[in-house]
Number of protein chains: 2
Amino acid sequence: MVGTAIRTAIGSRRASAAGRETRERILDAAERLFAESGYSNVSTRQIADEARSNIAAAHYHFGSKEGLLEAVLGRRLDGINAERERLLTQCMRDAGGRPAIQDVLEAFIGPTLRLSKTEEGRRFNLLTGRASTDPNPEVKRILFQVYDSVGRCFVEAAAAACPDLSKAELFWRLTCVYGAMMYIRADNGRLQHLFGPGFTLSDVDGALKYAMPFLTTGMQAPPSAAAAPDATPSRREDD
Amino acid sequence: MVGTAIRTAIGSRRASAAGRETRERILDAAERLFAESGYSNVSTRQIADEARSNIAAAHYHFGSKEGLLEAVLGRRLDGINAERERLLTQCMRDAGGRPAIQDVLEAFIGPTLRLSKTEEGRRFNLLTGRASTDPNPEVKRILFQVYDSVGRCFVEAAAAACPDLSKAELFWRLTCVYGAMMYIRADNGRLQHLFGPGFTLSDVDGALKYAMPFLTTGMQAPPSAAAAPDATPSRREDD
DNA sequence: GTCTATATGTGGATAGAC
DNA sequence: GTCTATCCACATATAGAC
């Protein structure tokens, strides 16, 4: 509705020690509360209170609640996603355009999973994991924008790593990969509830040791057309 | 906050043709709107309008917005989850306690994926997929309650199908399975956006043909301890 | 840049007529 | 059972003093 909010406030911000501190406190508070309760369930009031500031300051710095979410995401994702793209490009180049799928998965998923080694990183993963299925159009728009570039790199690299998969099969397999990655990040507690105490999705080593091989093996499954029951058993056209 | 809402209204409901019609119209409207926008982003007013009724009627029949969500979920899940449990129990029994993992996955995931064959089933999957990462405590409580029993059946059957996996490894693999299943249901449009037109998660045949084998193969990966780099290559203790 | 006070809208829930 | 009218809490956003 008010998409044309005052972005000038952001552009005209100049170095001011006190100002930057407030700004960062608001970002920290927003990140924490968005992660805990979800974008739509948190008010700018709560954020301002948590930041020991007030609503007006939040609007002064970020123009709107939407702009605040954008800033919260950009603050961390700009760096993370640049690294993921760099790793993806590099493993493509190192392998002469035919990377191993485990390297591609590691480049795309590894950096995000490892975020959970710190408490604030874990919180940020919770935020993005929950946001990934948020129906709010504002949230969707921002996510599509922030993840578009790295997502394209990933699909391209995965396609190069699995040249004998049809585009349809790649689509479904990468959906499963995305799903697993986001579910780990969103950490909804379902499996912990079923498995009892002692199991946690925040265990980065467990994720790398157990989830990554699951996904790698799944990606390496033979193409479904060739694996169909009673179908031509051995002939395939490439590779 | 108001968890002790008037449940008597539900209990005291007796057969009344006009009443039941209104009730069903409200459930239909709530299901549609919850699926579209998420529980927290829909007001009871919108639901009442969509049902060509009013807020008071919704509160009369369901006591609260929370009670309404509970009824929306129960209406379909009671049947679906009973069927899933029946299938899981059956494939355990048929295999003498050692079922094939693909049968377990099919029993647990198949019935929900096939819901998407109808438009209203697809909408319902959207609703539950989005709800699965909803941070709202009301939503979490209801989901845990509605899925607890079938979830335990599934974990038990999966453990029986994969006896050589440690509990930790099973935990992580089933997390991946859950993640893929929920991501397909939540259908956030990310992969369609990256793959372009012609690809859709509503394609039930595609899901069964491509996603299920991915998950089955992942579950069948050798245990990670034995698959560790440069580790003992062939000796394993069971099976 | 930061605040208080406020404008303006909408949320869930209920009272009470019919 | 169904409705209108209403209570009250809280949302985003802004005006204007400092």
Side-chain angles (χ1 to χ4, degrees), chain A residues 1-27 29-30 33-34 37-71 136-139, chain B residues 1-27 29-30 33-34 37-71 136-139:
Chain A
M1 277 129 228
V2 285
T4 58
I6 308 142
R7 280 307 131 75
T8 55
I10 300 173
S12 71
R13 182 177 59 86
R14 252 157 297 132
S16 155
R20 189 150 54 235
E21 277 173 21
T22 297
R23 204 186 133 91
E24 290 298 315
R25 278 209 318 280
I26 293 173
L27 284 175
L33 291 173
F34 285 159
S37 310
Y39 177 76
S40 304
N41 299 313
V42 172
S43 68
T44 48
R45 259 176 236 279
Q46 288 172 267
I47 294 169
D49 287 353
E50 174 100 358
R52 301 188 315 278
S53 180
N54 57 79
I55 323 177
H59 277 91
Y60 171 79
H61 285 290
F62 305 102
S64 65
K65 191 184 177 186
E66 195 174 342
L68 178 53
L69 175 62
E70 214 162 343
N136 186 320
E138 301 169 27
V139 178
Chain B
M1 279 146 211
V2 284
T4 58
I6 309 141
R7 279 308 132 74
T8 54
I10 299 172
S12 72
R13 182 178 60 87
R14 252 158 294 131
S16 154
R20 189 149 55 235
E21 276 173 22
T22 297
R23 206 186 131 90
E24 290 298 316
R25 277 209 318 278
I26 292 174
L27 284 175
L33 291 174
F34 285 158
S37 310
Y39 177 76
S40 304
N41 298 313
V42 172
S43 68
T44 49
R45 280 179 154 83
Q46 289 174 264
I47 294 169
D49 287 352
E50 174 99 359
R52 299 188 316 278
S53 179
N54 59 80
I55 323 176
H59 277 91
Y60 171 79
H61 285 290
F62 305 103
S64 66
K65 190 185 177 186
E66 194 173 344
L68 178 52
L69 175 63
E70 213 162 343
N136 187 319
E138 302 169 26
V139 178

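First the proteins, then the strands, lettered A, B, ... as listed; each starts at 1.
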Query raised in the report: Between A/Asn54 and C/dT2, does any side-chain N or O lie under 4.0 Å from OP1 or OP2?
Result: no
Query raised in the report: Can you tell me how far P of C/dA7 sits from NE2 of A/His59, to the nearest Å?
Result: 17 Å
Query raised in the report: What integer distance in Å separates A/Glu21:CD from C/dC3:P?
Result: 12 Å
**Report entry** OP1 or OP2 of D/dT12 under 4.0 Å from side-chain N/O of A/Thr44
**Finding:** yes
Report task. Grab the two heavy atoms, one from A/His61 and one from A/Thr22, that are nearest each other, plus how far apart they are. Result -> NE2-CG2, 4.3 Å
Requested in this report: Name the closest nucleotide to the A/Arg45 side chain, picking from C/dT14, C/dC3, D/dT12.
Outcome: D/dT12
Query raised in the report: For DNA chain D, whose closest nucleotide is more 5', that of A/Lys65 or that of B/Ala56?
Result: B/Ala56
Report task. Taking all non-hydrogen atoms of both residues into account, name the closest pair between A/Leu27 and A/Leu68 and its distance. Result -> CD2-CD1, 4.0 Å
Report task. Check whether any side-chain nitrogen or oxygen of B/Ser43 sits under 4.0 Å from OP1 or OP2 of C/dT10, and answer yes or no. Result -> no
Report summary line: Here the pair of heavy atoms bringing B/Ser64 nearest to B/His59 is CA-CD2, 4.0 Å
Report task. Round to a whole Å and report the spacing from CG of A/Asn136 to P of D/dA11. Result -> 16 Å
Report task. Round to the nearest Å and state the distance from B/His61 atom NE2 to C/dT14 atom P. Result -> 16 Å
Requested in this report: Could you state the atom-to-atom distance from CD1 of A/Ile55 to C1' of D/dC10 in whole Å?
Outcome: 10 Å
Query raised in the report: Nearest to the side chain of A/Ser64, which nucleotide is it out of D/dA13, D/dG1, C/dA13?
Result: D/dA13
Report task. Using atom CG of B/Asp49 as one end and atom C1' of D/dC3 as the other, report the distance to the nearest whole Å. Result -> 13 Å
Report task. Rounded to the nearest angstrom, tell me the gap between atom CZ in B/Arg23 and atom P in D/dG1. Result -> 10 Å
Query - Residue A/Ala57, side-chain heavy atoms: nucleotide from C/dC3, D/dT12, C/dA13 that is nearest - result: C/dC3
Query - Rounded distance (Å) that lies between atom C1' of C/dC3 and atom CZ of A/Arg25 - result: 13 Å
Report task. For C/dT2, take OP1 and OP2 only and decide whether either is under 4.0 Å from a side-chain N or O of A/Thr22. Result -> yes
Query raised in the report: Are the side chains of B/Glu70 and B/Phe62 in touch, meaning some heavy atoms are under 4.5 Å apart?
Result: no
Query - A/Tyr39 to A/Glu138 - nearest heavy-atom pair and separation - result: OH-OE1, 2.7 Å
